[in-house]
Amino acid sequence: MPLTTADIQQWIQQSALVLHENSSYLTQLDSDIGDADHGINMDRGFQAVKMKLTNMEPADIGALLKLVGTTLVSTVGGASGPLYGTAFLRAGINTTGKQTLEAEDVVAMLDAAIEGVKARGKAQQGEKTMLDALLPAVDAARQAQSAQVTLEQVLQQTAAAAENGMKATIPMQATKGRASYLGERSIGHQDPGATSSWLLLKALADVSSRK
Amino acid sequence: MPLTTADIQQWIQQSALVLHENSSYLTQLDSDIGDADHGINMDRGFQAVKMKLTNMEPADIGALLKLVGTTLVSTVGGASGPLYGTAFLRAGINTTGKQTLEAEDVVAMLDAAIEGVKARGKAQQGEKTMLDALLPAVDAARQAQSAQVTLEQVLQQTAAAAENGMKATIPMQATKGRASYLGERSIGHQDPGATSSWLLLKALADVSSRK
Amino acid sequence: MKKLINQPENVVKEAMAGMAAAHADLLRVDLEQQIIVRKDAPFQGKVGVISGGGSGHEPMHGGFVGYGMLDAACPGAVFTSPVPDQMLAATQAVNGGAGVLHIVKNYTGDVMNFEMAAELAAAEGIDVQSVVTNDDVAVQDSLYTAGRRGVGVTVLLEKIVGGIAETGAPLDQVAAMARHVNEQGRSMGMALTSCTVPAAGKPTFDLGDDEMEIGIGIHGEPGRRRMKLTTATEITDLLTQPIIEDLGLQAGQQVLAFVNGMGGTPLMELYVVYDALQRILKGKHITIARSLVGNYITSLEMAGCSITLLRLDDELLRYWDAPVHTPALRWGR
Amino acid sequence: MKKLINQPENVVKEAMAGMAAAHADLLRVDLEQQIIVRKDAPFQGKVGVISGGGSGHEPMHGGFVGYGMLDAACPGAVFTSPVPDQMLAATQAVNGGAGVLHIVKNYTGDVMNFEMAAELAAAEGIDVQSVVTNDDVAVQDSLYTAGRRGVGVTVLLEKIVGGIAETGAPLDQVAAMARHVNEQGRSMGMALTSCTVPAAGKPTFDLGDDEMEIGIGIHGEPGRRRMKLTTATEITDLLTQPIIEDLGLQAGQQVLAFVNGMGGTPLMELYVVYDALQRILKGKHITIARSLVGNYITSLEMAGCSITLLRLDDELLRYWDAPVHTPALRWGR
Ligand SMILES: Nc1ncnc2c1ncn2[C@@H]1O[C@H](COP(=O)(O)OP(=O)(O)O)[C@@H](O)[C@H]1O
Ligand SMILES: Nc1ncnc2c1ncn2[C@@H]1O[C@H](COP(=O)(O)OP(=O)(O)O)[C@@H](O)[C@H]1O
Ligand SMILES: [Mg+2]
Ligand SMILES: [Mg+2]
Ligand SMILES: [Mg+2]
Ligand SMILES: [Mg+2]
């Protein structure tokens, strides 16, 4: 079963919930190698998104995701604001006018989102950023989709790959973002942005499973 | 045996030693009801006195005590500087030209010193200040002297009365000096200035005993 | 104890040396006599204005030496009144024949040391008058205390009195203005944390994680009472109401509102307190004609703040607005 | 957490409201758009100069808005870059037709948000140039980092660039001056204690009683290395040598020496550090032509300091000395 606009709405609501619940955890991760605000930033952004969504009912998935993107840009700040903001904006542009997403649409959407993150942040895989969760995730999505499994399974494998990617940031030395200032002292800590990326993709898989 | 100029020199040196050793203790007492500097102040003053005395040999007891007084005024600051400074100055004036002190001279000297403290600080007995050690001490000295005991015994009873007076400051509510700002919260703490007064009089008794 | 110092016993001297180097255009610092003097003092025919007190309250007083404020300051050891020798040297250094005003904060030690200095200066034929500030409403002004402490008003008074002295007003008038400012102002302070006297090496008092001290002075003395920590708005109210009452401030009157940091509290929080204060005053129809927000009379690294209100009249306003050029306060030139 | 605040989520707004009330003569504070604008902006024909960054660094940047310095500031959440909407609103508010300079500290978030704002402003036909400050020698400027952080030089740059903008210089020249200042300055900082982000509620890092962090930024990030606490003189040396080397400072050159407090360190200690600094420079025959000592770019209540040296030429000196009138820096008027 493809994802509908309502499912994507669900995803965003679920993301807001999960980020709210994990706000202290993300901030704690950011204390270790950053400035102790990542959870606060993400929570502020997604609470603003929730507020926005009580007042309007976007017509399609593209409109919805664009709204999420512009709201995040306008409320998150820091590094994660422009990055996640651009990701959702690009995802929205990629899905303009769509009411449903099949597995291949999801792959295309993730691709577009991640291209946005790369363009904005100029980071590559292995620099200990959210891309280390996102890039393996979209690779896994692509593989699963070409293996013709169900959409639910695609999304579960995507989330699993994000989780592995997130964990793989622990031994990395950061060379982008605030953690890079620490040099070798950044090694041994999990990247907060990679963690929030996993939480977002996990929320999408969970929504799809619950259908 | 009367106290000689050398004995008074001894007393001042012994006082410098005792105040140095008790500097943290006095400062701790002053932390509780003041501003955590009484030990530091007294130590600074008596170290300056010691320095002065390495360079000059006052001709008589009066000259010696005046030198102590002016040095304390110039180096201690705070409340205790003018008070102890005036006390030693008045003691010095009272003993001008003297090479020895009999018991009655000691009583007269203490009287003069304490009059100086009262004139400068305008406090009375029971206000939780150094006077609560000094006034009972001079009373005890006067009584002992009229009882015709030895000078050593006079000084021991003087010091004992100072110690009792010092302890008696614990239940008092301060109405003079910095501790008075605390109102009832000053109750239950021993006054730092009364403590340093006892240490000074104890040092005098010890010097006399050691003769 | 974590401080940017070398030996505790040298901190005052080294800080003075730093001031001397940083403000050579404004100040003459005499490390021997331990006084900070306006570079171009004394001025013939101008009343010299000096102040002094224990160190650890920076920028007060050394940071207030300069055009339109103090002619000299005498820093004592940390939290310890300076000694008469310093005050006498400062008095001599700024005496331009029109006499010298001693601005003294009401603490037993400060009062007694300045008294001795005034006696010595008088013996030299220098005309000295002393004004004692005692604006802290946290202390009852009764027989049972050493009287109210001099706190925040001292800063405002030094500025205003320095302003009138700059006009060439005679000593009587300068001293009268000082007494007038002191009468028109009241303060109260609170602490979130203690402070550590360098030579003592540990905090003067201990405060629980959820506690604050209300009615503290500026020497790390404990306050009148300990309370559970509450919001900035409630704290501001706790400090402001006694001031308003004691000053008898009425609707329609105008004040200078001064939110002072104790040294360890960030400016952001002081502005939060100022916001609460201005709402309280607005509610009572008291006009804030001038304001001052920042660390001006501190207590080493203590976290906390004090609030001072000074009732303004045209004259106070004029001398507050008059040009001033010191390391810590500067405007109009 | 012990702070003078109400709810952590309101602290930035309430501090802005406090600033609005305290500095109504200088500032227009828009709590809706979350920008602080010079009261009389925009000025026809004058380049608008704006800056912005996370809150918690007060007085930077809001305290630097006024004559001769910034035309507007955009405060973000604590330690979080503001969002493009704020920057765009500030850009619009100060655009007097001669274009707008964005002063951006080099942090990934700040750079990206300002980039987006500049794109939006360009789309509206506003001429925008951006200058990124990156003066922190604690960070290696290499492929392996996000580049050096913008720290103390930002304060000096905002003053000097504000000075030249006030003369009516065109955008190209104002931007070139900004790049020049950035090239001539370097900084390094250290912390004795951590700080606590209000919304996080506990210290960002833990530091032993005898430890310090060397090479910290201004966001409570841990530094490059942890060391045993040592004397002010040695700490000053640790911070100053890399700056001198990196700037290639030579005997006979003149500098502006800036000792900055991180928020929780008393002024007395900053002067002790300044004294150590001036002795080091004197030993190398480098002349301190101007100085600045105080809390100007802070990290909440963190105890510690940073040192900035800016090599001066006649032009920099002229614009540094030019009149300025902001809440936090004022001279010449
Ligand atoms: N250049 C970049 N590209 C991709 N992600 C980045 C980049 N820089 C930082 N990030 C991500 O942003 C996260 C930090 O976000 P956040 O704490 O909200 O912002 P800030 O660092 O401005 O405080 C990091 O954990 C990292 O995953
Ligand atoms: N008016 C006074 N008369 C007599 N002794 C006083 C008076 N005021 C204070 N003292 C004494 O001074 C002591 C404090 O001295 P110190 O701590 O050196 O000065 P300060 O209070 O200025 O810090 C008190 O403990 C008290 O005994
Ligand atoms: Mg962060
Ligand atoms: Mg004391
Ligand atoms: Mg004292
Ligand atoms: Mg941040």
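Below, chains carry the letters A, B, ... as their sequence lines are ordered, and counting in each starts from 1. Every value quoted in this text rests on a predicted model; they were computed, and no experiment measured them.
For chain C, no part of D:A303 is nearby; none of its heavy atoms comes within less than 4.5 Å. For D:T298, no part sits under 4.5 Å from any heavy atom of chain C, backbone or side chain. Using a 4.5 Å cut-off between heavy atoms, D:S291 contacts chain C through its side chain alone, with no backbone atom that close. For D:L192, the parts lying under 4.5 angstrom from a heavy atom of chain C are both the backbone and the side chain. Both the backbone and the side chain of C:I5 come within contact range of chain D, with heavy atoms under 4.5 Å apart. Of the two parts of D:M1, only the backbone, made up of N, CA, C and O, holds a non-hydrogen atom closer than 4.5 Å to a non-hydrogen atom of chain C. Contacts of D:V78 with chain C are made by side-chain atoms alone, with heavy-atom separations under 4.5 Å and no backbone atom involved. For chain C, the nearby parts of D:L207 are the backbone and the side chain; heavy atoms of each come within less than 4.5 Å. At a 4.5 Å heavy-atom cutoff, the contact between D:Q278 and chain C is made by side-chain atoms alone. Using a 4.5 Å cut-off between heavy atoms, D:L300 touches chain C through backbone and side chain atoms alike. Only the backbone of D:R333 comes within contact range of chain C, with at least one heavy atom under 4.5 Å from a heavy atom of that chain. Heavy atoms closer than 4.5 Å to chain C are found in the side chain of D:V293, but not in its backbone.
Options D:V11, D:N10, D:I235, D:V273 differ in how many heavy-atom pairs under 4.5 Å they form with chain C, and the most are formed by D:V11. Ranked by heavy-atom pairs under 4.5 Å with chain D, the first of C:C195, C:G264, C:P266, C:A22 is C:A22. Chain C forms more heavy-atom pairs under 4.5 Å with one residue of D:E14, D:R330, D:M16 than with any other, namely D:R330. Ranked by non-hydrogen atom pairs under 4.5 Å with chain D, the options C:L277, C:L292, C:N295, C:D275 are led by C:D275. Ranked by heavy-atom pairs shorter than 4.5 Å toward chain C, the options D:K2, D:K13, D:K282, D:E58 are led by D:K2. For chain D, the option among C:M212, C:M262, C:E211, C:H57 with the highest count of heavy-atom pairs below 4.5 Å is C:E211. Annotation: maximal heavy-atom pairing with chain C below 4.5 Å, among D:R279, D:M19, D:E269, occurs at D:E269.
Here the shortest heavy-atom pairing between C:M188 and C:L238 reads CE-O, 4.2 Å. Minimum heavy-atom separation, D:L270 to D:C305: CD2-CB, 4.0 Å. Considering every non-hydrogen atom in both C:S55 and D:M268, the closest pair reads CB-SD, 4.4 Å. Taking each heavy atom of C:A15 and D:Y271 in turn, the nearest pair found is O-CB, 3.5 Å.
Annotation: side chain of C:V65 is not in contact with side chain of C:T326 (no heavy-atom distance under 4.5 Å). In this structure, the side chains of D:V151 and D:S306 stay at 4.5 Å or more apart for every pair of heavy atoms. The closest side-chain heavy-atom distance from D:L309 to D:L281 is below 4.5 Å.
For the pair C:E301 and C:K3, the salt-bridge criterion is met [side-chain N within less than 4.0 Å of a carboxylate O].
Atom CG of residue C:L256 and atom CG of residue C:L317 lie 8.5 Å apart, to the nearest 0.5 angstrom. To the nearest 0.5 Å, atom CG of residue D:L310 and atom NZ of residue D:K159 are 12.0 Å apart.
For D:Y274 and C:H23, the distance between ring centers is not under 6.0 angstrom. Taking the six-membered ring for Trp and the full ring otherwise, C:Y67 and C:H325 have centroids separated by 6.0 Å or more.
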